[in-house]
Amino acid sequence: MSETNVNIAINGAAGRMGRQLLSAVAERPGTVITAAVDAPGQACIGVDTSVLSGGEPTGVNTSDNVSSVLSAFDTIIDFTAPKVTLALLKSLRGSNKRIVIGTTGFNASQLDEISSAAQELPIVFAANYSIGVTVALSLLEQAAKALGDDYDVEISEAHHHHKVDAPSGTALAMGNAVADALSRDLAQCAVYGREGITGARDPKTIGFATVRAGDIIGEHTVLFAGNGERLEVTHKATDRMTFARGAVRAAHWLSSQSAGLYDMTHVLGIADDKPG
Ligand code: NAD
């Protein structure tokens, strides 16, 4: 192992994303798996991570307790569930660790806990680690500013039937990008689904529609509908490795950053603001 390697742990290593992350770390020069964690009782606990990734043996056995492997890694990549992520942040307080958070579905007070932890820890937090979605967020801001209030905005997303949160974190990030550009507050203007006699559409709203079906990895469309024309910005993920590679890129980038809350625009060097 070279001294320049970033030693990486995966939290949620047995999950759909965790397995891809193990492969993405293995394929990226300068990053190495030195710890893996999943929930107690999982078949992978105490076993080499290669049973999860299908790759070469790493000599790293998956643990069910992050505190017991703290000394083994510099940066931990977490794709789990909100409560698991927040417990992880508590375990990392007072350490010199860095964290890449991919988990979605946090409520407002949980988001505050992440912001507060970032005063002490370097954190990258993005609802979507694909390069395409990061670019789409910039395009949406530009489109919303140019089109203004004359265009109705509707956001639709589709994911696999295992997904537990709705709308997706990516759909909400897209909604926030549009709302900010239009000087609206998403918490006030979002409409999450419609049923019955809804009345005519309020032009200041941003609507969301959700599909959960089969093995869809992640599809998002933001529709700007005006009089006589429609503009659609669509992103389709066809392979989870796109998220995993982005998250590992973020982990590598984070190794030279100080405490703060960063997102993928910082990682790609296209951010127009300072970290939160
Ligand atoms: P998953 O259910 O397949 O995996 C979650 C893993 O976390 C499981 O292996 C589970 O056993 C593990 N886990 C549960 N409790 C734990 C604990 N206490 N300690 C350690 N591990 C624990 O889910 P998934 O499809 O891999 O998605 C995980 C999260 O990542 C979701 O919130 C999803 O929305 C999000 N996600 C984000 C992106 C992105 O680019 N940001 C992309 C895909 C998925």
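Just so you know, ligand 1 is whichever comes first in the structure, and atom 1 is the first atom listed for that ligand.
Closest to atom 9 (O) of ligand 1 among all protein heavy atoms lies Asp38 OD2, 2.8 Å. In this structure, atom 26 (O) of ligand 1 lies nearest to the protein heavy atom Met17 N, 2.9 Å. Nearest to atom 17 (C) of ligand 1 among the protein's heavy atoms is Val84 CG1, 3.4 Å. Regarding atom 4 (O) of ligand 1, its nearest protein heavy-atom neighbour is Gly15 CA, 3.2 Å. Here the protein heavy atom with the shortest distance to atom 40 (O) of ligand 1 is Tyr129 N, 2.9 Å. Looking from atom 28 (C) of ligand 1 to the surrounding protein, the closest heavy atom is Thr80 O, 3.4 Å. Remark: minimum distance from atom 35 (C) of ligand 1 to any protein heavy atom is reached at Gly102 O, 3.5 Å. At the top of the distance list for atom 34 (O) of ligand 1, counting protein heavy atoms only, stands Thr104 OG1, 2.7 Å.
With a 4.5 Å cut-off on side-chain heavy atoms, Glu229 and Tyr151 count as touching. At a threshold of 4.5 Å between non-hydrogen side-chain atoms, the residues Ile76 and Leu92 count as touching. For the pair Met174/Leu137, a side-chain contact is recorded, criterion being any heavy-atom separation below 4.5 Å from C-beta on. Looking only at side-chain heavy atoms (C-beta outward), Phe243 and Met17 come within less than 4.5 Å of each other. Proximity of Ile114 to Leu86: side-chain heavy atoms (C-beta onward) are separated by under 4.5 Å at one or more points.
Among Lys163, Arg16, His162, the residue whose heavy atom lies nearest to atom 3 (O) of ligand 1 is Arg16.
The proximity of Arg240 to ligand 1, defined as any non-hydrogen pair under 4.0 Å, does not occur for either the backbone or the side chain. By the criterion of a heavy-atom distance under 4.0 Å, the backbone of Ala127, and not its side chain, is placed next to ligand 1. Under 4.0 Å from ligand 1, the heavy atoms of Gln42 that appear belong solely to its side chain. For Ala247, no heavy-atom contact with ligand 1 is shorter than 4.0 Å. Of the heavy atoms in Val164, none comes closer than 4.0 Å to ligand 1. With a heavy-atom cut-off of 4.0 Å, Phe243 touches ligand 1 through its side chain alone.
Checked by distance only, ligand 1 and Val37 stay at 3.5 Å or farther apart across all their nitrogen or oxygen atoms. At a 3.5 angstrom cut-off on N or O pairs, Thr103 does not count as close to ligand 1. Any N or O atom pair closer than 3.5 Å counts here, and Ala126 shares at least one such pair with ligand 1.
No donor-acceptor pair closer than 3.5 Å links the side chain of Ser95 to the backbone N or O of Ser91. Using modelled atom types, one side-chain atom of Lys97 and one backbone atom of Leu70 make a donor-acceptor pair closer than 3.5 Å.
For Ala81, the heavy-atom gap to ligand 1 stays at 4.0 angstrom or more. Ligand 1 lies out of reach of Gly105, whose nearest heavy atom is not under 4.0 Å from it.
In this structure, the salt bridge (Lys or Arg N to Asp or Glu O under 4.0 Å) partners of Asp165, at least two apart in sequence or on a different chain, are Lys163. Remark: Asp149 engages Arg184 in a side-chain hydrogen bond (donor to acceptor under 3.5 Å, both in side chains) (not counting sequence neighbours).
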Item to check | Verdict with reasoning, Arg201 to Asp152, per salt bridge (charged side-chain N to carboxylate O under 4.0 Å, His left out) | outcome: CA-CA 9 Å; Arg201 188 183 192 283; Asp152 294 333; 3.2 Å; yes
Next on the checklist: Determine whether Arg212 and Glu157 satisfy the following criterion, salt bridge (charged side-chain N to carboxylate O under 4.0 Å, His left out), listing intermediate values before the conclusion.
Outcome noted: CA-CA 9 Å; Arg212 292 288 175 263; Glu157 57 102 340; 2.8 Å; yes
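The aromatic rings of His266 and Trp253 lie parallel to each other, their planes meeting at an angle below 30°, with 60° marking the opposite boundary.
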